Amino acid sequence: MSPLHTPKFKNPRARYNFQGRSCSITGVGSYVPSRILTNADLEKMVDTSDEWITTRTGIKQRRIAADNEFTSDLATQAARRALKDAGVNSEDVELIIVATITPDMPFPSTAALVQRNLGAWRAAAFDLEAACSGFIYALEVAQQFIMSRTYDTVLVIGAEKLSSIVDWQDRNTCVLFGDGAGAAVLQNRPGSHGLLTAVMGADGRKADLLFVAGGGSRCPATAESVAARMHYLRMEGKETFKNAVQAMQVAAEEAMRRCEVDISRIKCIIPHQANRRIIEAVGERLGASPEQMFTNLHKYGNTSAASVGIALDEAVHSGRFHRGDLILLLAFGGGLTWGSALIEW
Ligand code: UT7
């Protein structure tokens, strides 16, 4: 396996509380559809078993959006909860970033549809695509806009209706994924706690480990491409697994190096929820205790760009950490992409 490179940031302290600016997460929220698909349900759909899914992944159930419920709807619900949590009115949002690989349609962006749903008329809006790393990529982009004095209030959402690109005949993938959305409000809060640093990385040489081949300019939808099931997600599970562990380790170590903290200082690590065995392996490599690692994938499966946002919301509201604690977000996904964010809560 080739090494995964992450650009080294030269001056770790420069972006935190820089020239009277600071980027704080002032509210979080999440939403999952009400329909639950259990492992027992999947046993009736493909040749699989609760035992296989549980031991290989840790997943017990996932949420599936209704036929008339789309990514923008999930995103809007999560956003409303995050805005309420932050005490921010939608008219005060200046930028909306939606991280997703399952937009409602190629264009307009899902972010524009969310802006319409929220009545956030002052906000610019765009989508960001970094697969399962999308939420962390979006946090970093939001931070850049806040620290550069462009905006004071940014809404970041990770939202997916993965059930729309899952091949329900492919047991290798259909047992893994679910639908949902997580959101965070980021604001300039000078002198306050906040996002210390965010790491982003990518390796396009490994683009063919995890992809949807059809539906883009390379292979527009035709009767043949649809018949060949090219509009569904495909994944090389084993290779993806190995890269996931390595990439999240690299991203975590870079974030801690920049901020000169070691693993014992981190109160809670919130990794992308793809596979319990991946999370355990990353924790072991980092020297973290099982208590430091947050997991909720048994309830939701892998929700791609939504996963870290949903987990962050649950961790915050279940009292896993308190003001002043250091928390570390980690993600990995198709692209390949990976990222981390170190936050003083
Ligand atoms: O979010 C983006 C990042 N995604 C990930 O990080 C996912 C990374 N990959 C994984 O989590 C794991 O590789 C999987 C859960 C996808 C697969 O676990 P694995 O331990 O790597 O299993 P495998 O692919 O080596 O498959 C082992 C066996 C195969 O049978 P044979 O060839 O050994 O006879 C598969 O056909 O398990 C079989 N298998 C299944 N059996 C029952 C694959 N899927 C299933 C299934 N039920 N659903």
Side-chain angles (χ1 to χ4, degrees), residues 1 4 37-62 99-102 129-137 158-163 165-180 182 201-204 206-212 232-252 270-283 285 293 295-298 300-311 329-340:
M1 197 180 349
L4 300 172
L37 187 72
T38 65
N39 291 350
D41 295 328
L42 279 162
E43 285 176 354
K44 295 179 202 131
M45 296 162 63
V46 286
D47 180 14
T48 191
S49 65
D50 173 50
E51 198 267 332
W52 190 96
I53 301 169
T54 305
T55 53
R56 297 289 177 119
T57 72
I59 300 166
K60 297 299 281 184
Q61 61 181 48
R62 63 290 292 141
T100 186
I101 54 168
T102 49
E129 203 272 78
C132 307
S133 312
F135 190 79
I136 287 176
Y137 266 58
E160 303 284 10
K161 185 175 177 177
L162 290 173
S163 57
I165 60 164
V166 161
D167 184 346
W168 293 104
Q169 295 177 13
D170 176 15
R171 72 173 184 171
N172 291 298
T173 54
C174 76
V175 303
L176 304 174
F177 298 99
D179 301 336
D203 188 347
K206 297 178 181 178
D208 53 1
L209 286 184
L210 185 48
F211 60 91
V212 176
Y232 295 124
L233 177 156
R234 302 286 172 224
M235 178 171 72
E236 289 280 342
K238 264 205 185 332
E239 230 8 72
T240 306
F241 188 115
K242 281 189 240 162
N243 280 277
V245 175
Q246 192 193 2
M248 289 203 282
Q249 179 190 1
V250 165
I270 301 180
H272 171 47
Q273 306 286 311
N275 186 317
R276 195 193 59 229
R277 291 185 295 139
I278 293 177
I279 293 172
E280 287 169 357
V282 171
R285 285 191 182 200
M293 309 298 292
T295 56
N296 65 358
L297 85 173
H298 54 289
Y300 308 124
N302 180 348
T303 57
S304 189
S307 128
V308 172
I310 295 172
L329 312 184
L330 300 176
F332 167 86
L336 298 178
T337 57
W338 57 90
S340 64

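Counting convention: from 1, in listed order, for ligands and their atoms alike. Keep in mind it's a predicted model, so treat the numbers as computed, not measured.
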Considering only heavy atoms of Val175, which atoms of ligand 1 have at least one such atom less than 4.0 Å away?
48 (N)

Interfacing atoms of ligand 1 (cut-off 4.0 Å, heavy-atom, Ile278)
6 (O), 8 (C)

Which atoms of ligand 1 sit under 4.0 Å from any heavy atom of His272?
1 (O), 2 (C)

Of all the non-hydrogen atoms in the protein, which one sits nearest to atom 17 (C) of ligand 1, and at what distance?
Trp52 CH2, 4.0 Å

Hey, is atom 6 (O) of ligand 1 under 4.0 Å from any protein heavy atom?
yes

Could you tell me the residue and atom name of the protein heavy atom closest to atom 47 (N) of ligand 1, and the distance to it rounded to 0.1 Å?
Thr48 OG1, 2.7 Å

Check this for me, if you would: do Asp50 and Lys60 make a salt bridge, where the nitrogen-to-carboxylate-oxygen distance has to be below 4.0 angstrom?
yes

With a 3.5 Å distance limit and no angle check, can you tell me whether Tyr137 reaches the backbone of Gly201 through a side-chain donor-acceptor pair?
yes

Return the closest protein heavy atom for atom 29 (C) of ligand 1 as residue, atom name and distance.
Arg171 NH2, 4.8 Å

Within 4.0 Å of some non-hydrogen atom of Asn275, the atoms of ligand 1 are 10 (C), 11 (O), 12 (C), 15 (C)

Out of all atoms in ligand 1, which are within 4.0 Å of some heavy atom of Leu210? Include the element for each.
2 (C)

closest protein heavy atom to atom 2 (C) of ligand 1 is Cys132 SG, 3.4 Å

Which ligand 1 atoms does Arg277 reach within 4.0 Å, using its non-hydrogen atoms?
18 (O), 19 (P), 20 (O)

If I apply the N/O under 3.5 Å rule, does Asn302 come out as touching ligand 1?
yes

Considering only heavy atoms of Met235, which atoms of ligand 1 have at least one such atom less than 4.0 Å away?
4 (N), 7 (C), 16 (C)

Counting distance only, does the side-chain N/O of Ser307 pair as donor-acceptor with the main-chain N or O of Asn302 below 3.5 Å?
no

Give me the residue, atom name and distance of the protein heavy atom closest to atom 3 (C) of ligand 1.
Thr240 CG2, 3.8 Å

Do any non-hydrogen protein atoms sit less than 4.0 Å from atom 31 (P) of ligand 1?
no

With atoms numbered from 1 as shown, which atoms in ligand 1 lie under 4.0 angstrom from a non-hydrogen atom of Thr57?
15 (C)

Check whether any N or O atom of Gly237, backbone or side chain, sits under 3.5 Å from an N or O atom of ligand 1, and answer yes or no.
yes

Are there protein heavy-atom neighbours of atom 15 (C) of ligand 1 below 4.0 Å?
yes

Listed partners of Glu280 passing side chain to side chain contact (heavy atoms under 4.5 Å, CB included), at least two apart:
Arg276

Set of residues satisfying side chain to side chain contact (heavy atoms under 4.5 Å, CB included) with respect to Tyr232, sequence neighbours excluded
Asp167, Arg229, Arg234

Looking only at protein heavy atoms, what sits closest to atom 23 (P) of ligand 1 is Lys238 NZ, 3.9 Å

